[in-house]
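To start, the structure itself, in structure tokens.
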Amino acid sequence: MLVAALALLPLGYIVGYTVDVGWSGVRELVLRPRVGELLWNTARLVAGTVVCCVVLGLGAAWLVERSAVPARRVWHVLLVAPLAVPAFVNSYAWISLLPGLDTYGGALLVVTLSYFPFVYLPVSAAFRGLDPALEETARGLGLGSWAVFRRVQLPQLRVAVLGGSLLVSLHLLAEFGALQMLRFPTFTTAIYDQYRATFNGPGATMLAGVLVLICLLLLLAELRLRGRAAYAGSGRGAARPHRAVPLGGLTVPAVLGLTLLVALAVLVPLASLTYWMVTGSSSALPVGELVATTGTTLALAGGAAVVTTALAFPTGWLAVRARGRLATVLERCTYLGSAVPGIVVALALVTLSIRATPWLYQTVPVLVAAYTILFLPRAIVNVRSAVEQSPRLYDDVAAALGSSALDRLRRVTLPLLAPGLGAGAALVFLAVVTELTATLLLAPTGTTTLATAFWSATSGLEYGAAAPFAVLMVLLSAPATVLLSRDARRGLTT
Amino acid sequence: MSSLTVQDVTKSFGATPVLTGIDLHVPSRSLTALLGPSGCGKTTLLRLIAGFEDPDTGRIAVGDRTVTGAGRGVPARRRGIGFVPQEGGLFPHLTVAANVGFGLPRRERRDRGRVRDLLALVGLDAALAERHPHQLSGGQQQRVALARALAPRPSLVLLDEPFSSLDAALREDTRQAVAEALRASGATAVLVTHDQAEALSMADQVAVMRGGRLVQFADPQTLYRHPLDLDIATFVGDSVVLDADVRGGRAHCALGVLPLERPGPEGAIRILLRPEQLQLGEPTGAAPTARVHSVDFYGHDARVLLDLPSGLRVTARLDGHELPADGAEVSISVTGAALAFPAGPAAEVGRRELTGPR
């Protein structure tokens with residue numbers, strides 16, 4: 001209950017504020033040309049990115065999973081690798097090399113390269129899960145390759161494609177750093193600017209309200225899809241490996257295409273980072289500052305991971321073991337919270353803490369609370385699937401063998417859940433390491449994380465000074481990428 | 001080792017009654033099968049005995065000790081009842097040895113000899129002790145599950161359809177190993193199954209359940225030869241059921257005039273024969289004849305489907321030596337006596353309930 005209440009805090013804040021402002025106030029603040037412009041910018045960016053991501057993700061997934069392209073395992077890892085580079089680091093890498101990228105096209109290029117793995121991963125997992133017998137049956141019924149793809153595979157991939165697209169959209173709506181750096185104004189950057197300029201003017205909150213509304217609409221769609229996806233995933237896995245489709249003369253173009261994609265998405269950021277590391281360090285590397293910042297980041301991330309996992313445990317447990325309306329509603333509440341972009345969560349917590357608990361304003365607990373609200377679903381998804389792996393049966397058997405409730409928790413339940421809890425905690429940890437927006441707004445004065453240190457350096461256009469922080473973030477994110485490339489479905493569904 | 005007594009136990013889930021007035025007494029050191037189709041309540045009864053759920057009314061006692069009923073409920077972990085679930089339910093994070101030793105006091109868990117003895121009891125090699133459950137075959141998992149249940153020397157062992165997930169060849173071996181281990185350990189055992197062959201071959205007594213009630217409780221031979229009604233008869237084995245007319249103490253039916261097991265009232269009845277009572281021969285003038293519809297050959301024996309002139313189809317079970325060809329004309333003679341049951345539609349309703357959804 002408490003967990004759900006915490007997750008709903010930002011939403012409640014927005015709703016309460018809207019009621020406060022009243023209808024005329026809302027009309028004055030929302031129905032104006034500036035908002036229309038933002039809406040148009042946001043919409044065309046989301047639409048363009050989703051289309052590009054689907055094309056790239058679907059094509060790459062088909063090549064890696066189904067065609068006879070050489071070195072498929074290597075490609076798989078390389079195609080997931082962009083996730084290790086936070087989007088705002090990626091955009092820094094690009095804009096520092098090509099300052100002319102501050103256009104719609106530039107924004108589209110950078111965010112597409114950052115986000116296409118969100119489509120690639122679920123789709124390639126879905127490809128793997130497709131039963132080859134279905135395709136063989138279709139061939140046996142006289143369908144050609146294209147017809148098999150269109151009539152058999154595509155309908156089964158639909159859920160994965162749509163789920164990935166929604167993921168891209170939600171991330172994009174919440175994206176702040178990358179777009180701010182590309183000077184492409186959307187709702188998120190506008191909220192931030194308003195907040196900085198006027199310190200929590202009603203304008204920022206109302207913009208946030210519109211943004212949340214869009215997010216919730218998208219989330220509703222995702223929840224419906226998720227319900228059906230569960231059925232699709234409940235079957236047993238593919239019995240046999242798939243037979244790779246030979247590419248023949250198309251092998252060279254296919255490899256070239258993949259190479260180009262990986263070069264743009266992985267090599268450019270890495271090269272750019274290396275360049276700035278080398279040329280930018282005209283002064284000596286600020287080792288002391290780096291160590292201190294890393295320490296702060298790790299401590300915050302560790303604390304947030306522990307708190308979030310601890311809160312996720314009861315929710316995930318109830319959702320599986322005590323299936324019922326209440327448990328489902330509670331779980332859904334935490335998902336709702338996650339659809340709210342980081343900037344809105346931060347804004348809500350700033351205002352609430354100033355008004356209700358001034359002694360908490362700009363303290364670590366508020367920051368950790370923001371992390372928890374943002375990343376709770378990642379932990380819950382993992383706890384949930386872990387609880388599903390350990391059915392009640394084991395509890396019954398242990399009880400019949402004379403084991404007490406506490407003893408069962410220690411000897412059966414926790415050992416069985418440990419991997420899931422660990423994975424959830426790790427994902428939260430790594431998400432916090434690269435979190436920028438909420439940290440910028442909520443971090444106590446004097447507390448800098450890798451992300452905020454990087455941010456303040458780039459804001460002053462000191463690209464060289466920013467590079468070491470970016471490198472550290474990429475290094476710390478790499479393990480999460482490995483986790484994701486192993487188990488595509490888990491953890492991705494923020 | 002203790003007996004098990006179940007008295008007037010009733011259980012509902014919500015508004016749906018699952019068990020109604022169950023009375024059952026399982027003698028010490030015997031193996032009793034709870035036989036019935038899916039949804040007849042047999043697994044629920046097992047879970048009540050184990051203590052995973054509480055009955056609405058009634059009493060369950062292990063030996064002289066009441067474990068539930070009359071206001072008291074002993075939690076599962078204090079009942080000293082071993083439980084072997086359907087697919088073994090081995091803890092996936094523990095080795096075979098740790099699984100087997102799970103219910104032992106801390107000191108004894110380290111005792112490798114004890115684990116080895118238990119594995120030997122269920123016919124498994126001690127070399128398996130360090131394996132993990134996913135490295136075992138289904139049959140081996142079942143045996144480890146039994147060893148684990150027997151380890152704390154329970155007074156009673158419950159087995160919930162332990163063989164249903166095994167394939168036919170493995171099932172036979174595993175059944176034998178389990179039966180032997182249970183006998184050797186001297187444990188009282190209750191086995192839930194929907195497989196009548198399993199119940200008849202393994203159990204000392206069989207309790208047949210139907211729609212949440214216990215309809216017959218008898219040893220396997222009595223159950224097969226003297227089922228209480230036609231539904232039980234057709235459920236526990238292949239049957240030939242015919243309409244008959246009793247005149248002068250003998251049943252006149254499509255297969256001639258047959259003696260009855262027990263004398264009954266004159267008039268219309270239904271009779272039960274088992275397919276192995278039917279003998280086939282060359283057609284003669286006197287004996288009833290039939291046309292062979294088809295022959296299912298199993299090697300050790302065969303089942304012959306016969307069309308009687310009346311259009312009725314009956315089954316005969318023959319040993320595999322001399323089998324008639326499809327379409328051949330044969331004569332039928334009957335050995336032994338027929339069992340009489342009252343005629344009427346009631347039996348039909350009951351049968352649907354018993355053989356219902358498998």
Side-chain angles (χ1 to χ4, degrees), chain A residues 234-240 309 313 316-318 320-328 382-426 483 486-487 490, chain B residues 43 46-53 62 67 73-95 98-106 108-109 118 132-134 141 144-162 190:
Chain A
S234 67
R236 61 197 171 78
R240 277 170 296 127
T309 313
F313 183 68
W317 179 269
L318 283 178
V320 178
R321 286 293 171 89
R323 267 182 223 277
R325 185 157 285 188
L326 185 65
T328 313
N382 280 280
V383 172
R384 234 196 108 125
S385 56
V387 176
E388 274 164 357
Q389 303 287 307
S390 80
R392 263 200 73 122
L393 174 72
Y394 295 127
D395 237 31
D396 284 349
V397 170
L401 288 167
S403 173
S404 67
L406 206 64
D407 192 49
R408 293 200 293 270
L409 186 69
R410 186 176 64 78
R411 290 173 67 197
V412 181
T413 312
L414 281 181
L416 285 173
L417 293 188
L421 293 177
L483 260 178
R486 277 215 205 122
D487 186 350
R490 202 182 267 187
Chain B
T43 293
L46 204 70
R47 294 179 63 80
L48 294 181
I49 299 170
F52 303 144
E53 316 219 11
V62 178
V67 291
V74 179
R77 68 192 179 91
R78 297 196 198 284
R79 289 195 184 187
I81 294 178
F83 179 63
V84 180
Q86 224 171 72
E87 315 233 324
L90 297 182
F91 301 117
H93 60 297
L94 298 178
T95 61
N99 260 292
V100 172
F102 191 92
L104 295 173
R106 199 176 287 271
E108 290 176 45
R109 272 180 227 163
L118 283 160
H132 274 271
H134 64 90
Q141 288 186 16
V144 174
L146 179 64
R148 177 178 66 183
L150 290 174
R153 300 184 206 286
S155 45
L156 175 67
V157 180
L158 308 174
L159 303 102
D160 185 8
E161 307 218 15
V190 176

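Side-chain atoms are counted along with the backbone in the values below, which use heavy atoms only and exclude waters and symmetry mates. Just so we're on the same page: letters track the sequence lines, and every chain starts at 1.
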Worksheet item: If every non-hydrogen atom of A:Val397 is compared with every non-hydrogen atom of B:Pro85, which pair is closest and at what distance?
Response: CG2-CG, 3.7 Å
Fill in: B:Gly89 to A:Leu393 - nearest heavy-atom pair and separation
CA-CD2, 3.8 Å
What donor-acceptor contacts under 3.5 Å connect chain A and chain B, backbone and side chains included?
unit_1, atom_1, unit_2, atom_2, d
A:Asp396, OD2, B:Arg47, NH1, 3.3
A:Asp396, OD2, B:Arg47, NH2, 3.0
A:Ala399, O, B:Arg77, N, 3.4
A:Arg411, O, B:His93, NE2, 2.9
A:Arg411, NH1, B:Phe102, O, 3.4
A:Arg411, NH2, B:Phe102, O, 2.9

Item to complete: Can you see which heavy atom on B:Ala149 is nearest to which on A:Leu401, and at what distance?
Response: CA-CD2, 4.2 Å
Worksheet item: Given a strict heavy-atom distance threshold of 4.5 Å, which part of B:Leu90 is in contact with chain A: side chain, backbone, both, or neither?
Response: backbone
Item to complete: Select one option (side chain, backbone, both, neither) describing which atoms of A:Ala398 are under 4.5 Å from chain B's heavy atoms.
Response: both
Discussion item. Is B:Ala145 in contact with chain A via its backbone, its side chain, both, or neither, using a 4.5 Å heavy-atom distance?
Written reply: neither
